[in-house]
Each structure stands twice: as C-alpha cells, then as structure tokens.
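Working notes for the structure below.
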Amino acid sequence: MVRSMVVVAVALGCALASCDGGGEEPQTVSLRFDARVGDRAARCGESYDGVGATAATVEIRDLRFFVSEVELLSASGEATPLQLDVATPWQDGEVALLDFEDGSAGCVESGNAALNATVTGTAPAGDYTGLRFRLGVPDDANHQDTGLAAPPLDVTSMFWVWQAGYKFLRVDLGNGAAPPADRWNIHLGSTGCASASPLTPPESACAKPNRALVSLSGFDPRTGTVVLDVAALTAGVDVTTNTAETAPGCMSGATDAPECAGVFANLGLDFAAGDCAAGCAGQSAFRAEAGR
C-alpha cells in the first residue's frame with residue numbers, strides 16, 4: 001500500500017553536468033504531498049481531538065483533492081510551469097488527483113484502496129525555492145461525462161453533476177454526533193453554473209469558480225513536502241453544527257454561508273465573490289515542510 005511519505009526524487013540528468021552540444025536537459029520532478037490533522041497524519045480509522053471552533057473530536061471519512069496549473073518558483077518569484085506527466089490513474093497531463101483515504105474504516109462508504117501522494121512532471125533545469133498550484137480542475141475540463149473522461153477525471157465520487165462539475169477538494173469528517181448529524185463534509189467546487197438542467201454543461205464560466213491559488217515559499221521540490229492540514233482548514237469553524245435543511249457541512253453553495261465562510265477564508269478565498277481574496281495570500285490550510 002502506498003503511503004503519503006513517498007520519497008521525492010529529482011533527476012537532473014545533464015543539468016548538473018556539461019553536456020556535449022550545450023544546453024540543459026529538462027529535469028524530472030516528483031513533488032511529495034501529505035495530509036495531516038495538526039502534526040498527525042490524516043488517516044481513515046483514526047480520531048483527532050481539538051478540531052475547529054469547538055475543539056471537536058473527528059475522524060476522516062474521505063480526503064482527496066485535485067491540483068492543476070503547477071508551477072515552480074525561483075528565489076526572485078519567477079514562475080516556471082511544471083509539465084505534468086500522463087501517469088494513469090492519477091494524472092492526465094493537466095490535472096493530478098491526490099488521495100489520502102484508503103477505503104477502510106469510516107472511509108468505506110465512498111473511498112477506495114488506492115492512495116496517491118505525489119505529483120510528477122518535468123521542468124527546465126533550475127534552482128527552485130517555491131511552488132504554486134491551483135486547487136481544482138480547470139474550467140475547460142470541469143464539465144464532462146465521467147464515464148468517458150480519462151483518469152483521474154473518471155472518479156465519480158469526486159464529481160457532482162455536469163452543470164457544477166468536479167469536487168476540487170473533498171474532506172469528509174465524522175464529528176461524533178448522533179446520526180444523521182454525525183457527518184460534516186467540505187466539498188469545494190465551482191458554483192453559480194448556469195445551464196438548462198443539472199445534466200447539461202454550462203455554456204459560459206461559472207459565476208463563482210472557487211479555485212484556490214496556493215503559493216508556498218521556502219519549498220525545495222527535491223526534499224520538501226506540501227501538507228494539507230485539516231486542523232488549519234477548519235480553524236475557527238464549528239464542525240459540529242449545520243444549517244437546517246442543508247447538506248452537512250460546506251458544499252460551496254450560497255445556502256452554506258455559515259459553514260463555508262471560515263473554510264473559504266482558510267483557503268484564501270472570498271466566499272461572496274467565489275474567487276481569491278488578494279491572490280489567496282491569506283490561505284493557511286496548506287503549508288510547506290522542509291525535508292527530513
């Protein structure tokens with residue numbers, strides 16, 4: 001079973017040597033990701049205390065997210081796109097799916113056994129000290145038939161309907177309450193998507209794209225780890241209560257303002273606008289950790 005602490009390898013090829021004919025070969029990059037609740041690994045079947053505004057005890061029931069538009073940053077802030085590999089079933093060359101649930105314990109309802117904690121690709125040789133990526137699926141790939149889509153966009157549990165598109169981030173939590181109030185979910189995706197019916201893709205962009213931009217400095221792609229911290233994602237959010245007659249937790253829609261406002265702020269998003277606030281500079285859910 002693949003676990004999240006996957007060894008990062010960056011092969012420089014000719015980049016660190018003088019090659020006949022001049023020029024530098026592209027380097028292959030393998031970015032390591034992890035999911036935590038504070039300083040503990042976020043895993044199915046585990047309980048975590050002190051989460052959210054009420055210091056609730058929660059368990060993980062699902063934890064997956066898409067990333068796209070991945071860029072490596074130089075010390076001066078110059079961005080270099082990372083060309084994602086086509087690596088079935090996790091990457092299609094444009095989008096990658098990170099998966100930290102293994103279908104066991106509380107994750108059995110929607111999960112599966114396979115795990116993925118890396119994003120791989122190629123970039124020009126260089127000295128990179130930061131990373132930037134979008135949390136989500138690009139608009140031109142967001143509304144399609146999952147039965148025909150190539151992996152990883154064929155995962156139905158990460159999709160709403162054609163009109164709304166994909167769940168960019170799915171974090172399902174058990175909160176210890178009596179059923180049916182024992183679940184508090186975070187499903188981030190585009191909203192305000194206009195079409196003739198839920199089964200019809202929109203002809204224009206959704207009013208609220210809700211794609212967070214994550215920028216991390218002090219990140220060495222050879223040794224560092226990108227961490228999604230569920231405790232930071234839910235900081236200041238009450239994961240034990242929910243607005244009556246709405247789906248449990250934050251589903252990104254207008255009726256979920258009490259549940260979503262704090263989650264969106266922790267991702268650097270303006271909930272009312274459905275886009276980054278100040279370039280998503282305030283996001284705190286993701287962090288960079290140096291190699292160990």
Side-chain angles (χ1 to χ4, degrees), residues 1-6 32-38 40-49 51-52 56-68 87-92 95-119 135-137 142 144-147 149-161 164-177 179-189 225-234 237 239-240 242 247-252 259 263 267 285-286:
M1 180 180 292
V2 180
R3 284 295 177 186
S4 62
M5 297 308 294
V6 178
R32 179 171 57 189
F33 285 74
D34 197 11
R36 313 260 180 87
V37 184
R40 292 179 57 197
R43 302 292 182 265
C44 303
E46 299 288 330
S47 294
Y48 304 89
D49 299 328
V51 173
T57 298
V58 303
E59 65 171 335
I60 303 297
R61 294 187 175 178
D62 207 326
L63 207 171
R64 289 176 270 188
F65 56 92
F66 290 107
V67 299
S68 58
T88 304
W90 302 113
Q91 300 181 187
D92 65 3
V95 178
L97 174 62
L98 284 305
D99 189 336
F100 297 95
E101 55 70 36
D102 62 5
S104 68
C107 299
V108 68
E109 180 181 331
S110 61
N112 56 74
L115 297 167
N116 183 50
T118 59
V119 173
L135 181 64
V137 175
N142 194 37
Q144 58 180 303
D145 185 346
T146 55
L153 297 179
D154 61 342
V155 180
T156 56
S157 56
M158 292 294 289
F159 189 72
W160 279 319
V161 291
Y166 288 88
K167 302 170 188 177
F168 304 154
L169 166 71
R170 178 170 185 166
V171 179
D172 293 0
L173 302 175
N175 61 12
D182 61 337
R183 179 182 294 272
W184 209 95
N185 302 333
I186 299 170
H187 295 180
L188 177 71
T225 301
V226 179
V227 175
L228 169 62
D229 185 348
V230 175
L233 177 65
T234 57
V237 178
V239 299
T240 66
N242 190 68
C250 168
M251 298 291 110
S252 300
E259 291 80 14
V263 171
L267 289 169
F286 288 87

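Atoms considered below: every heavy atom in the structure, side chains included; atoms not considered: hydrogens, waters and symmetry mates. A quick note: this is a predicted structure, and the numbers were derived from the prediction, not measured.
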Report yes if some heavy atom in the side chain of Val58 is under 4.5 Å from a heavy atom in the side chain of Val230; otherwise report no. no
Nearest heavy-atom neighbours spanning Trp184 and Val237: CH2-CG1, 3.6 Å
Between Lys167 and Val155, is any pair of side-chain heavy atoms under 4.5 Å apart? no
Drop me the distance from Asn112's CG to Asp102's CG, to the nearest 0.5 angstrom. 9.0 Å
Between Val239 and Glu259, is there a side-chain heavy-atom distance shorter than 4.5 Å? no
Would you say Asn242's side chain and Gly249's backbone share a donor-acceptor pair under 3.5 angstrom? yes
Between Val67 and Val95, does a side-chain contact (heavy atoms from CB on, under 4.5 Å) hold up when you go through it step by step? CA-CA 6 Å; Val67 299; Val95 178; over 6 Å; no
Give a yes or no on whether the backbone of Thr156 and the side-chain of Asp154 come within a donor-acceptor separation of less than 3.5 Å. no
Taking the side chain as everything from C-beta on, heavy atoms only, tell me whether Asn175 gets closer than 4.5 Å to Asp182. yes
Between CG on residue Asn116 and CH2 on residue Trp90, distance to nearest 0.5 Å: 5.0 Å
So, do Pro152 and Asp92 sit near enough that their side-chain heavy atoms are less than 4.5 Å apart? yes
Using side-chain heavy atoms (C-beta onward) and a distance below 4.5 Å, is Thr234 in contact with Ile186? yes
Asp99 and Ala114 have their tightest heavy-atom pair at OD2-O, 3.5 Å
Could you check whether any side-chain N or O of Tyr48 sits under 3.5 Å from a backbone N or O of Ala56, counting only pairs where one atom can act as donor and the other as acceptor? no
Rounded to the nearest 0.5 Å, what's the gap from CZ on Arg61 to CZ on Arg183? Could you check? 5.0 Å
Asn185 vs Met251, test: side-chain contact (heavy atoms from CB on, under 4.5 Å). Steps then yes/no. CA-CA 7 Å; Asn185 302 333; Met251 298 291 110; 3.6 Å; yes
Donor on one side chain, acceptor on other, Ser110 and Asp62, under 3.5 Å: yes
From CZ (Arg170) to CG (Asp172), nearest 0.5 Å: 4.5 Å
Rounded distance [0.5 Å steps], CG in Leu115 versus CZ in Arg64: 10.0 Å
Please determine whether a side-chain nitrogen of the Lys or Arg among Arg40 and Asp49 lies less than 4.0 Å from a carboxylate oxygen of the Asp or Glu. no
Does Ser252 use its side chain to pair, donor to acceptor, with the backbone of His187 at less than 3.5 Å? yes
Run Ser68 and Val137 through side-chain contact (heavy atoms from CB on, under 4.5 Å) and show every step you take. CA-CA 6 Å; Ser68 58; Val137 175; 6.0 Å; no
Flag, side chain of Glu59 to backbone of Cys44, donor-acceptor distance under 3.5 Å: no
CG of Asp229 to CZ of Arg36: how many Å apart, nearest 0.5 Å? 8.5 Å
Sub-3.5 Å donor-acceptor pair from the side chain of Asp145 to the main-chain atoms of Gly147, do we have one? yes
Which residue, Leu169, Leu188, Asn142, Leu153, forms the side chain to side chain contact (heavy atoms under 4.5 Å, CB included) with Phe66? Leu153
Closest non-hydrogen atoms of Gly45 and Ala105, given as atom of the first, atom of the second and distance, are CA-CB, 3.4 Å
Measure the acute angle between the ring planes of Tyr166 and Phe159, then classify it against the limits of 30° and 60° as parallel, tilted or perpendicular. perpendicular
Specify the closest pair of heavy atoms between Ala117 and Phe100, including all atoms of both residues, with the distance to one decimal. CB-CE2, 3.8 Å
Measuring only between side-chain heavy atoms, which start at C-beta, is Phe286 closer than 4.5 Å to Leu267? yes
Between Arg43 and Asp34, does any NZ, NE, NH1 or NH2 come within less than 4.0 Å of an OD or OE carboxylate oxygen? yes
